[in-house]
Peer 1: 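Take a look at this one; I'll ask things after.
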Amino acid sequence: MNGGLARIESGWWILLAALMVFPLVATEFLTLQVGAYAMILGILALSLMWLAGYGGMVSLAQVAIAGLGAYMLPILGTNTQDVMGLGWPWWLTILAALAVSIGFAAFIGAVAARTEGIYTLMITLAFSVVVFYFARQNYTLFNGFTGFAGIEPPALFGVRWRDPVPFYYLVLAFAVGLYALVTYASRSTFGLSLQGVRDNPRRLRALGFNVTAHRVFAFALSGFIAGVGGILLVWFNGRIAPSSIGIDITIDLLVIAVIGGLRLPIGPFIGALAFVLLDNFAIDLINRERFNTVIGIVFLLIVYFSPDGLLGLWKRFGPTVRPLKRRAASPAPMAESTE
């Protein structure tokens with residue numbers, strides 16, 4: 001068993017080393033448009049995976065949660081549209097953006113926590129639609145259809161963090177940190193209780209657990225993850241508009257999470273990488289307008305052959321790590337009788 005665990009741990013270190021070296025050998029396009037963008041989408045999908053995989057709650061409001069927090073950057077900070085832009089310090093603006101995402105997610109959780117299944121899905125979808133149309137029609141605060149432009153990460157330590165290589169490492173640091181956070185949370189007392197709520201809420205309630213509080217807190221944690229992803233996405237695009245938080249993006253995020261797998265935190269990142277590779281290179285084989293058709297076909301095939309996504313296919317056809325067998329101890333020789 002120790003040998004098998006050692007191989008798994010060494011595999012994670014190899015993967016991390018490969019991610020660290022990637023921008024040193026790849027082009028700027030691959031570094032930014034594939035590597036960094038895939039990790040940002042993976043972070044957003046991770047917030048959905050946390051709720052669906054460990055809490056049993058499929059949320060279609062994660063993009064709206066991320067977008068509402070991200071809108072705080074140009075509203076409270078600075079932008080080039082001459083609308084709002086209160087000029088707060090960058091650190092205070094980021095904290096406020098995360099607080100808005102967490103608070104909005106907790107509010108959605110409080111409303112949806114007493115529902116299950118399709119009802120949770122429809123409630124979260126309703127919140128997503130409300131945020132989209134409110135941002136699109138409100139020009140005083142959200143600048144309507146145009147949105148905001150000229151949004152960049154702060155220049156710290158003499159580094160322009162929007163450059164491809166620094167931005168890649170910035171996103172990688174947050175991706176690794178949030179992955180570790182979800183892994184730790186899933187193994188904590190709260191995470192194990194949340195999985196119990198997922199499997200049998202009635203029994204957990206009978207044992208004295210507050211099922212509603214567990215679900216609300218799970219939504220709040222997902223809001224923090226989505227808020228970080230939304231901030232990184234705005235820095236990546238340099239702008240935010242209602243088109244950034246539309247229903248099509250929400251569906252894409254759900255597809256990414258399902259393609260990668262909802263059982264482990266690494267799944268959303270795998271699904272995001274597959275999605276970004278198809279998004280960038282499928283146009284070399286097919287018409288750009290047929291991209292959604294290709295994604296739909298890939299989605300159906302993966303779900304049909306492996307409900308656990310690409311992770312399920314890896315477990316089925318990939319190499320397995322088997323624990324080392326211990327040699328059975330030979331019985332001690334019997335002492336000869338002296339009688």
Peer 1: Can you tell me if R160 uses its side chain to pair, donor with acceptor, with the backbone of L156 under 3.5 Å?
Peer 2: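 No, because the side chain of R160 does not come within donor-acceptor range (under 3.5 Å) of the backbone of L156.
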Peer 1: Could you go through the side-chain contact (heavy atoms from CB on, under 4.5 Å) check for V234 and Y71 one step at a time?
Peer 2: CA-CA 9 Å; V234 169; Y71 259 107; over 6 Å; no
Peer 1: Spell out, yes or no, whether V255 and L233 are grouped together once hydrophobic residues are joined by side-chain heavy atoms under 4.5 Å, including indirect joins.
Peer 2: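 Result: yes, single cluster for both.
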Peer 1: Parallel, tilted or perpendicular: which fits the ring planes of H214 and F190, with parallel below 30° and perpendicular above 60°?
Peer 2: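 It falls in the parallel class, under 30°.
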Peer 1: Quick check for you: to the nearest 0.5 Å, what is the distance between I231 atom CD1 and I43 atom CD1?
Peer 2: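 The distance works out to 10.5 Å.
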Peer 1: Provide the closest heavy-atom pair for A38 versus A272 in the form atom of the first, atom of the second, distance.
Peer 2: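 Closest approach of A38 to A272: O-CB, 3.2 Å.
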Peer 1: With side chains defined as the heavy atoms from C-beta onward, is the minimum distance between L273 and L277 less than 4.5 Å?
Peer 2: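 The answer is yes; the side chains approach within 4.5 Å.
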Peer 1: Give me the atom names and distance for the closest heavy-atom approach of M20 to L172.
Peer 2: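 Scanning both residues completely, I find the closest heavy atoms to be SD-CD2, 3.6 Å.
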Peer 1: Nearest 0.5 Å, please: how far is OG1 in T115 from CD1 in I123?
Peer 2: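 Output value for this atom pair is 4.0 Å.
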Peer 1: Answer yes or no: is there a donor N or O on one side and an acceptor on the other, between the side chain of S188 and the main chain of A185, under 3.5 Å?
Peer 2: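 Checked: pair present.
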Peer 1: Might you work through the ring pair (Phe, Tyr, Trp, His ring centres under 6.0 Å) test for W12 and Y179, ending with a clear yes or no?
Peer 2: CA-CA 12 Å; W12 285 116; Y179 172 86; 5.7 Å; yes
Peer 1: Between V58 and L51, is any pair of side-chain heavy atoms under 4.5 Å apart?
Peer 2: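 In short, these two side chains do not touch, never coming nearer than 4.5 Å.
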Peer 1: Can you find a side-chain donor-acceptor pair between S59 and Q62 that sits under 3.5 Å?
Peer 2: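 Short answer, yes.
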Peer 1: Just how far is it from atom CG of N138 to atom OH of Y133, taken to the nearest 0.5 Å?
Peer 2: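 Rounded to the nearest 0.5 Å, the CG-OH separation comes to 15.5 Å.
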Peer 1: If hydrophobic clusters are built by linking Ile, Leu, Val, Met, Phe, Trp and Tyr wherever their side-chain heavy atoms come under 4.5 Å apart, do L30 and F269 end up in the same one?
Peer 2: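 In one cluster with L30: F269, yes.
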Peer 1: Has N79 got a side-chain atom pairing as donor or acceptor with V83's backbone, closer than 3.5 angstrom?
Peer 2: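 Looks like yes, one N/O pair under 3.5 Å.
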Peer 1: Only one of F174, Y37, Y168, W161 passes ring pair (Phe, Tyr, Trp, His ring centres under 6.0 Å) with F236; say which it is.
Peer 2: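 Among the candidates, only Y37 passes.
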Peer 1: Return the CH2 to CD1 distance between W235 and I151, rounded to the nearest 0.5 Å.
Peer 2: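 Here the rounded value is 11.0 Å.
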Peer 1: Main chain of G246, side chain of T250: is a donor-acceptor contact present, judged purely on distance under 3.5 Å?
Peer 2: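 Judged by distance alone, yes, a pair lies under 3.5 Å.
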Peer 1: Show the nearest heavy-atom pair for residues S186 and W50, with the distance to one decimal.
Peer 2: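 Smallest interatomic distance, heavy atoms only, reads N-CZ3, 4.1 Å.
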Peer 1: For the residue pair F134 and F142, does the interplanar ring angle fall in the parallel (under 30°), tilted (30 to 60°) or perpendicular (over 60°) class?
Peer 2: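 Aromatic pair F134/F142 classed perpendicular.
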Peer 1: Specify the closest pair of heavy atoms between P268 and L46, including all atoms of both residues, with the distance to one decimal.
Peer 2: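 So the two residues come closest at CB-N, 3.7 Å.
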Peer 1: When you compare the side chain of T146 with that of Q81, does any pair of heavy atoms fall below 4.5 Å?
Peer 2: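 SC-SC contact between Q81 and T146 confirmed.
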Peer 1: Where do V211 and P201 come nearest, in terms of heavy atoms and distance?
Peer 2: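 V211 and P201 have their closest heavy atoms at CG2-O, 3.6 Å.
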Peer 1: What distance do L207 atom CG and N200 atom CG have between them, rounded to the nearest 0.5 Å?
Peer 2: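 Answer rounded to 0.5 Å: 9.0 Å.
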Peer 1: Check whether any side-chain heavy atom of M49 lies under 4.5 Å from a side-chain heavy atom of Y54, and answer yes or no.
Peer 2: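 Yes, their side chains come closer than 4.5 Å.
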Peer 1: What closest approach, in Å, do M39 and A175 show between heavy atoms, and which atom pair accounts for it?
Peer 2: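 Answer, listing the atom of M39 first, then A175: SD-CB, 4.2 Å.
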Peer 1: Shared ILVMFWY cluster between I245 and Y139, side chains joined below 4.5 angstrom?
Peer 2: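 Not linked; separate clusters.
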Peer 1: Going by heavy atoms in the side chains, are Y169 and P23 under 4.5 Å from each other?
Peer 2: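 Y169 reaches P23 side chain to side chain.
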Peer 1: Could R162 and F167 be counted as a cation-pi pair, given that NZ or CZ must be under 6.0 Å from the ring centre and within 45° of the axis?
Peer 2: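 Relative to the ring axis of F167, which defines the angle, R162 lies inside both limits.
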Peer 1: Check step by step if side-chain contact (heavy atoms from CB on, under 4.5 Å) holds for V197 and R205.
Peer 2: CA-CA 8 Å; V197 171; R205 189 177 289 109; over 6 Å; no
Peer 1: Within the distance-only criterion (no hydrogens, no angle test), does the side chain of T120 pair as donor or acceptor with the backbone N or O of M57 below 3.5 angstrom?
Peer 2: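 No; judged by distance alone, with no hydrogens or angles, the pair does not exist.
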Peer 1: Decide side-chain contact (heavy atoms from CB on, under 4.5 Å) for T78 and W90; before the verdict, give the C-alpha distance in whole Å, the side-chain angles of both, and the deciding distance to 0.1 Å.
Peer 2: CA-CA 9 Å; T78 58; W90 65 268; over 6 Å; no
Peer 1: Short question: side chain of N210, backbone of A213 - any donor-acceptor pair under 3.5 Å?
Peer 2: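 Answer holds: yes.
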Peer 1: Going through the checks in order, is the side-chain contact (heavy atoms from CB on, under 4.5 Å) test met by F217 and L194?
Peer 2: CA-CA 10 Å; F217 188 80; L194 182 65; over 6 Å; no
Peer 1: Any carboxylate oxygen within less than 4.0 angstrom of a Lys/Arg side-chain nitrogen, looking at E116 and R215?
Peer 2: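 Salt bridge between E116 and R215, a charged N being under 4.0 Å from a carboxylate O: yes.
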Peer 1: From L253 CG over to F275 CZ, what is the distance, rounded to the nearest 0.5 angstrom?
Peer 2: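 Interatomic distance, L253 CG to F275 CZ, rounded to 0.5 Å: 9.5 Å.
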Peer 1: Could you tell me if the side chain of V63 sits less than 4.5 Å from the side chain of L44, heavy atoms only?
Peer 2: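 Sidechains of V63 and L44: no contact.
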Peer 1: Does the side chain of S128 come within less than 4.5 Å of I247's, by heavy atoms?
Peer 2: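 Yes. Closest side-chain heavy atoms under 4.5 Å.
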Peer 1: Please check: side-chain N/O of T80 versus main-chain N/O of A149, any donor-acceptor pairing under 3.5 Å?
Peer 2: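 Such a contact is found between T80 side chain and A149 backbone.
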Peer 1: Before we go on, tell me: are the rings of F127 and F107 under 6.0 Å apart, centre to centre?
Peer 2: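 Yes, they do, as the ring centres are separated by less than 6.0 Å.
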Peer 1: When hydrophobic residues are tied together by side-chain contacts of less than 4.5 Å, even through go-betweens, does V165 share a cluster with L232?
Peer 2: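 They do share one cluster, since a chain of ILVMFWY contacts under 4.5 Å joins V165 to L232.
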Peer 1: Applying the 4.5 Å side-chain criterion to the ILVMFWY set and letting contacts propagate, would L141 and M72 be lumped into a single cluster?
Peer 2: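 Yes, same cluster.
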